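Input: a single structure, listed below in C-alpha cells.
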Amino acid sequence: MKALALVPGTTEVSLRDYPEPALETPTQVKMKILEVGICGTDREEVKGGRATPPSGKTHLVIGHEMLGIVTDTGPAVSGVAPGDYGVFSVRRGCGKCIACKNNRSDMCYTAEYKERGIKGLNGYETEYVVDEAQYFVKVPAAIRKIGVLTEPMSVAEKAIDEALQIQSARLPEVRKEEWLNGKTALVAGLGAIGLLASVALRLRGARVLGMDIVSEASGRPSILKQIGGEYVHGLQTNILDFDDKFGQIDFIFEAAGVAELGFNLIDALGINGIYVMTGLPHEKRAVNIGGGELMTQMVLKNQVVLGSVNASPRHFALAIADLERAMVQWGGTMERLITTRVPFTEFVNALDFRSDDDIKTVIQWNGD
Ligand code: BGC
C-alpha cells in the first residue's frame with residue numbers, strides 16, 4: 001500500500017510502498033483510511049522541522065488527523081465492528097510516568113511519549129492502519145462529513161476543559177460546566193483550531209470575539225459570524241484598547257502561534273481571567289514584551305496563563321459530543337470548515353496549499 005513518508009529534518013516527502021498492516025494481537029482494530037487532515041504540525045514537518053522517524057528507520061509516515069472505517073477487529077475487541085467510522089488518537093504513553101500509567105499521556109512527565117505521524121511512530125497518511133482498540137474513538141455516522149475534525153477538536157476541548165477545571169477549583173461561585181455561559185472569550189487566530197474552539201465556546205454560551213488579520217468579508221470571519229461570534233480585525237484593533245472596547249475578557253484562547261502576539265494579549269485579560277496558549281510558534285526569535293506591566297497585571301488581577309497540548313480520551317469524547325451538537329445546530333457551516341479535499345496522489349498541492357480562505361485541507365485515501 002502507499003503511504004506519504006518524510007525523511008525527518010529534510011523537505012524530502014514522497015509516496016512510498018509499505019506492507020499493508022494486519023492484526024497482530026486480539027485487542028487490535030484495523031481501519032481503512034478515508035481522509036487525513038493537514039495541520040501546522042505537518043507543514044512544519046515537511047519544511048524540515050520537528051519530526052522523528054520510528055527507531056532505526058529513515059522515513060516517517062506523516063499525518064495524525066485521521067478518519068477511517070473499521071475493516072477488522074481482534075476477537076477480544078468489543079463495541080467496535082467493521083463498518084464503524086472512527087479515529088485513532090495520536091499520542092502513545094511512555095509507560096513509565098504516573099500520567100501515562102493513568103491513561104493521560106497528554107500530560108506525560110518524561111517527554112518519552114511517542115506520537116503517530118510526529119514523534120517515533122508512523123502516522124496515518126496511508127491506506128490502512130492497525131492499532132490497539134484502547135486508542136480507537138468511534139465517530140457517529142451523523143458526523144461522517146466532519147469526522148476528520150475530531151482530533152483538532154479534541155485539542156481545542158482539552159484547552160477549554162483545563163480552563164474550566166482551574167476556574168472551578170479557584171473561584172468559589174463557579175459551577176464548572178456553566179462558567180463560560182455569558183462570559184466573554186477572545187479567540188486569537190481563526191484557523192481550524194481557533195474556529196473549532198469558537199464552536200465549543202459558543203455551544204457553552206460564551207460571547208466569542210474571534211481575532212485574525214484577514215478581511216472581514218473572507219471565509220473564516222464569515223464562519224465565525226454564522227456561529228454567532230464577532231470578528232475583531234487584529235490590525236485595526238489595539239490590544240491595549242480591548243477592555244475599553246469589549247468589556248471584561250474572562251477567557252483567552254490563543255491559536256495563532258505568534259509569540260509576540262501571544263504574550264502581548266495577556267494585556268487584554270480581565271480580572272480573575274484565564275488564558276490558554278495552544279499555538280507552536282515557528283519563529284524562535286526573542287520578542288519584546290512589556291514584561292513588568294504584564295507581570296504586575298497578572299498578580300493584581302489573579303490571572304492564570306497556561307499551555308495545553310494534545311488530548312485525553314475524555315477530550316476526544318467531548319469533541320465527538322460537540323461535533324454532533326454543532327452539526328445539528330450549524331450543519332452547513334460546520335461542513336465549510338473543510339475547504340479542500342485532495343486525492344493522495346496530489347499530496348504536493350495539499351501540503352503547499354494555503355490561502356486566506358483555507359481552513360482545513362484533507363488528503364483523501366479511500367472512499368467509504
Ligand atoms: C497535534 C497534537 C500533538 C501536538 C504536538 C499537534 O499538531 O494535534 O496531537 O500532541 O501537535 O506534537
Side-chain angles (χ1 to χ4, degrees), residues 4 6 8-9 35-54 60-67 86-94 97 99-100 103-125 129 131 135-137 146-162 189 191-197 200 253-258 262 276-282 284 306-320 323 337-338 350-351 354 358-363:
L4 193 52
L6 165 77
E35 48 194 25
V36 182
I38 309 251
C39 80
T41 297
D42 303 291
R43 293 197 164 100
E44 193 193 336
E45 286 180 358
V46 302
K47 281 192 203 128
R50 190 173 61 94
T52 318
L60 171 76
V61 176
I62 63 172
H64 58 278
E65 297 181 2
M66 62 156 294
L67 174 69
V87 308
F88 284 128
S89 63
V90 180
R91 195 173 278 198
R92 304 291 174 261
C94 69
C97 76
C100 290
N103 209 12
R104 286 297 306 268
S105 59
D106 61 308
M107 303 299 275
C108 178
Y109 280 98
T110 64
E112 290 172 34
Y113 60 82
K114 294 181 176 172
E115 288 183 331
R116 292 202 63 166
I118 305 172
K119 186 172 182 277
L121 290 174
N122 281 333
Y124 305 130
E125 291 283 12
V129 287
D131 213 325
Y135 305 121
F136 175 84
V137 179
I146 55 166
V148 71
L149 300 175
T150 302
E151 197 277 339
M153 188 61 156
S154 76
V155 168
E157 295 286 359
K158 174 178 170 182
I160 294 169
D161 188 52
E162 293 274 287
I193 296 277
L195 285 170
L196 289 169
F253 187 112
E254 183 283 327
V258 178
V276 190
M277 296 180 174
T278 70
L280 295 168
H282 303 290
K284 301 290 188 266
L306 76 150
S308 176
V309 69
N310 199 249
S312 74
R314 206 171 85 72
H315 304 124
F316 273 89
L318 285 168
I320 296 288
L323 289 176
L337 290 171
I338 300 167
L351 290 170
R354 282 260 84 175
D358 174 54
I359 302 168
K360 181 58 69 186
T361 292
V362 306
I363 297 190

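Side-chain atoms are counted along with the backbone in the values below, which use heavy atoms only and exclude waters and symmetry mates. Not measured: the values here are computed from a predicted model. Here, residue 1 is the first one in the sequence, and each next residue gets the next number. Indexing begins at 1, ligand by ligand and atom by atom, following the structure's order.
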Who are the salt bridge (charged side-chain N to carboxylate O under 4.0 Å, His left out) partners of Arg50, not counting sequence neighbours?
none

Glu35: partners by salt bridge (charged side-chain N to carboxylate O under 4.0 Å, His left out), with sequence neighbours left out:
Arg144, Arg341

Side chain to side chain contact (heavy atoms under 4.5 Å, CB included) between Val87 and Glu151, intermediate numbers included
CA-CA 8 Å; Val87 308; Glu151 197 277 339; 5.9 Å; no

Sorted by chain and number, the residues that approach ligand 1 to under 4.0 Å with a heavy atom:
Cys39, Thr41, Arg50, His64, Val90, Arg91, Glu115, Ile118, Glu151, Val155, Val309, Asn310

Among Arg92, Arg91, Lys158, Arg314, which residue satisfies the salt bridge (charged side-chain N to carboxylate O under 4.0 Å, His left out) criterion with Asp106?
Lys158

Identify the two heavy atoms, one from Leu60 and one from Pro53, that lie closest to each other, and give their separation to 0.1 Å.
CB-CA, 4.0 Å

Contacts of type side chain to side chain donor-acceptor pair (under 3.5 Å), residue Asn122, not counting sequence neighbours
none

